[in-house]
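Quick notes on the structure that follows.
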Amino acid sequence: MKPGKEGRRPGFPGSGTALALGAALGAAALYILAAAEEPGAAFRAFFLSPFARPTVLANLIEQAAAPCLCALGTALVFRSGDFNLGGEGQAYAGGALSVLALLAAPSLPGPAGLAGGLAAGAFAGAFVALPSALSRRNLGADVLLSTFLVSQAVVLVLDWAIAGPLRDPASNLIATPVVEAAYRLPRLAPPSWLSFAPVLAAAAAVALDRFLRSSRRGLELTLFGRNPDFAVSMGFRVRAYAFWPLLASGALNGLAGALLALGANGRAVRGMTGGIGWNGISIALLAGNDPRLILPAALFFSWLETGSRQASILAGISVDVGTVAKALVLLFATARFLGTARRKGTA
Amino acid sequence: MAAEPVLEVRDLSKTFPSTGTVALSGVSLSLSAGEIHAVVGENGAGKSTLARILAGLDRPDSGRILVRGREVRFRRPRDAERLGIGMVPQQSLLAPGLSVAENVVLGHEPRLLGILLDRRRAYYETALASANFSFPLDPGSRISRLSPPERREAEIVRALARGGDVLILDEPTSILTESEAETLYGLLKRLRDAGASVILISHRVREVLSAADRITILRNGSVVDTILPAETDDCDLALRMASSASCFTADGPAESGGQAVFRFLGANFRDSERVTLRDLGFTVRRGEIYGIAALAGNGLGALEDLACGERICDSGAVELLGRNLVDWPRDELRASALSYLPTDRDGRGLCLGATILENLAARIGSPGDWSRRGRAARRAEAFRLLEDAGGRAPPDAPIDMLSGGNRQRVLCVRELGTFTPAVLAANPTQGLDPRAQEETWNRLRSRAREGAGILLLTSSVDELFSVADRVAVLYRGRLTELGIRTGSVTAEAVTRLLTGAAA
């Protein structure tokens, strides 16, 4: 069987990713050239200083964990043919509920409490995703809209609750009280914040990759995402595939929020997720929704953030350089995604 | 007939390079003023290609088109429109959310101040055009509220609203009931009497005989003959259309008397877009191939939907292996009971964008297995199937890279590579070359010998007679069982039934 004349060879794999990375780094370099008084020092600070000190490097790795989980959730829903735009609210709910659960149950052994807190976070994230999952499965509703709207509502409610009834009156921060030290993520290499969170994220990436590439269900989910009519005709469990990925994605986002809350903060701070849902989407797009590439992509994002912070401290460059670079990654990665979708005839 | 033809084609040829199909070869015909000229032929005879060329949607490879004696070249549909040629395609292209008038002026909107739609003029123009043809259409009604014949009227008005006087209709009655079709033909005759000329593409013999002034018969892309209705009758015309003029006979094995596999019990089904299936009752038993033939627009698609469980009949029942089809869990059904080759190969049968291997592996192995060994076993089995199909394409290449025929082969090996008691094969050899076609038929035959009950739905009489043990014909949603292996059923009889000649 030979390829038909009308057949198209797929483009060089990873070329889109390389373009997005190149554009991001190029933009950062241009920004530094234009803005820095001493470009040489600024370049060193931005690109190299994150690796110069073990503590900074350890924090860089820790910072990658939560966005990595969000990105895995995004990739899973994307495989099922949809987009979860509610990562922000799901993560925020996860962080808040993990803290509230541990504040309410103060007499557990440390590891059990921590595990319970993380589980509560995952549950909260999944719960926020539930209306969207149900409406997708039962009504065929638009997930893109429903996840976004529910998430926005959750963010507003939590902002109010943390500033109001849940606020710790003794603190200067707009935040809940701090959970007991035993419930917080153990620090593996103080003074850095490095915990087991990156290991958790890597394990989740391996598990998701295994599910998608090795299991028949994973294959069915991917095929369902590409062509629901085909999935129906093959007798796949399409109702399940319209439901569970979104719920699991919510749980991963919730877990990411719980890791943030129980890590450096030890409490739920108003606005603590700081765009993690959007970062998760950018990372997933950059990695082409491939779980094997998501952790490296998350580390790259974390490097951009750390680098821009270091450059602002050491060379007086605005921290916006990292934001600009991330925005460009999102732009290029999205453009690539749209290109693929148009070739498939879906855009 | 008037002396100078309004529209004439000479030696028109067209080949589709991607598939190598010769759609038209040296076709000539002429259309006089005030004439209804029917072009008839089986599926694939080249009728629609001819219509598309005349409407400027396709370009011929060679040959000439003359409009009122002047040679013309159509580069786009608007070129044909300017010369007064309008086309009503088989599938409605009206925007359902807009009104009749808005649809009629679409693309040529009368403007107010150069930017705004002049709604009043649009209504006036539409009302005027409708009145010219004595159509009782309200320009303000929404298309979605119109009945199928009214939609056809709206399409005709649109095709002729800009001063056109040549109308090309491609299978205009495929979505209409018999009485609606009669109304439409009455309307075409009124158009003709008002001086318009009509090219009517159809495969419905009786309808054509009652409506047309002249008939051109196409077979495999060539003109067989151009005749007057008085020179022929329905049976003769049906036979002339058939590409297999020799009389095959059905002489399959004696009735197996085996367990019922597919069983339709007085099934009725109305699909708003297509034909109503009426009181379908038949049984497909283990060990036999039961073939049902129908031309496009007679309900074969709806029957396929019912048989694969995609749709549920309005009344009556469809059983598979003694169990109502609606009671089968879908995954169990497809995993262990039913193999399905859909007509819609690229939509339902295959997942474009996925690799060849993924498409093959979608039915292999246990769904709960996450192990690497399970994955390796699935890949190995998929490789075996691909080799069976004579596959030389890289298995990890996207299936989109394959030509249509090769995609069909992948589909065939996936669905027929492992045994299931029931097989639903809808146009299983579409796009296949003769050798691959024979391979597929052999696979079907060997599955039947192993005890599967096979329901074959096809629009090709050749296919029906090549593989089916028992044959039936679906015409306008009604099934005529021709039985069986007595050797008395001929291709001629089937073709007559398919085209409504003997209904």
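Lettering follows sequence order; numbering is per chain, from 1. Because the structure is predicted, anything quoted here is derived from the model rather than measured.
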_Nearest non-hydrogen partners of A:Val232 and B:Glu310, listed with the distance_ = CG1-OE1, 3.7 Å

_For the interface with chain A, which of B:Glu415, B:Glu358, B:Arg379, B:Glu332 has the highest count of heavy-atom pairs at distances below 4.5 Å?_
B:Glu358

*Looking at A:Met234 and B:Ala362, what are the two nearest heavy atoms and their distance?*
CE-CB, 4.0 Å

*CZ (A:Phe243) with more than 12 external heavy atoms under 6.0 Å*: yes

*Quick one: which of B:Ala397, B:Cys308, B:Gly349 has the most heavy-atom pairs under 4.5 Å with chain A, could you say?*
B:Gly349

*Side chain A:Asn227, main chain B:Gly347, donor-acceptor under 3.5 Å*: yes

*Is the number of heavy atoms from other residues, nucleotides or ligands under 6.0 Å of A:Arg237 CZ greater than 12?*
no

*Over all heavy atoms of both residues, which pair between B:Arg414 and A:Phe230 is shortest? Give the atoms and the distance, please.*
NH1-CE1, 3.6 Å

*Examine whether an atom of A:Leu219 lies under 4.5 Å from a heavy atom of chain B, and if so say whether it belongs to the side chain, the backbone or both; otherwise answer neither.*
side chain

*Just wondering, are more than 12 heavy atoms of other shown residues or ligands nearer than 6.0 Å to CD1 in B:Ile312?*
no

*Should the heavy atoms of other residues, nucleotides or ligands under 6.0 Å from CZ of A:Phe127 be counted, would the total exceed 12?*
no

_Exam field: side chain B:Arg334 to backbone A:Phe236, donor-acceptor pair closer than 3.5 Å_ = no

*Heavy-atom distances under 4.5 Å only: say whether B:Asp344 touches chain A with side chain, backbone, both or neither.*
neither

*Is chain B contacted by the side chain of A:Ala207, its backbone, both, or neither, given a heavy-atom distance below 4.5 Å?*
backbone

_Polar side-chain atom of A:Arg226 near backbone of B:Gly353 as donor-acceptor pair, under 3.5 Å_ = yes

*May I ask you to check whether over 12 heavy atoms, not counting those of A:Phe300, lie within 6.0 Å of atom CZ?*
yes

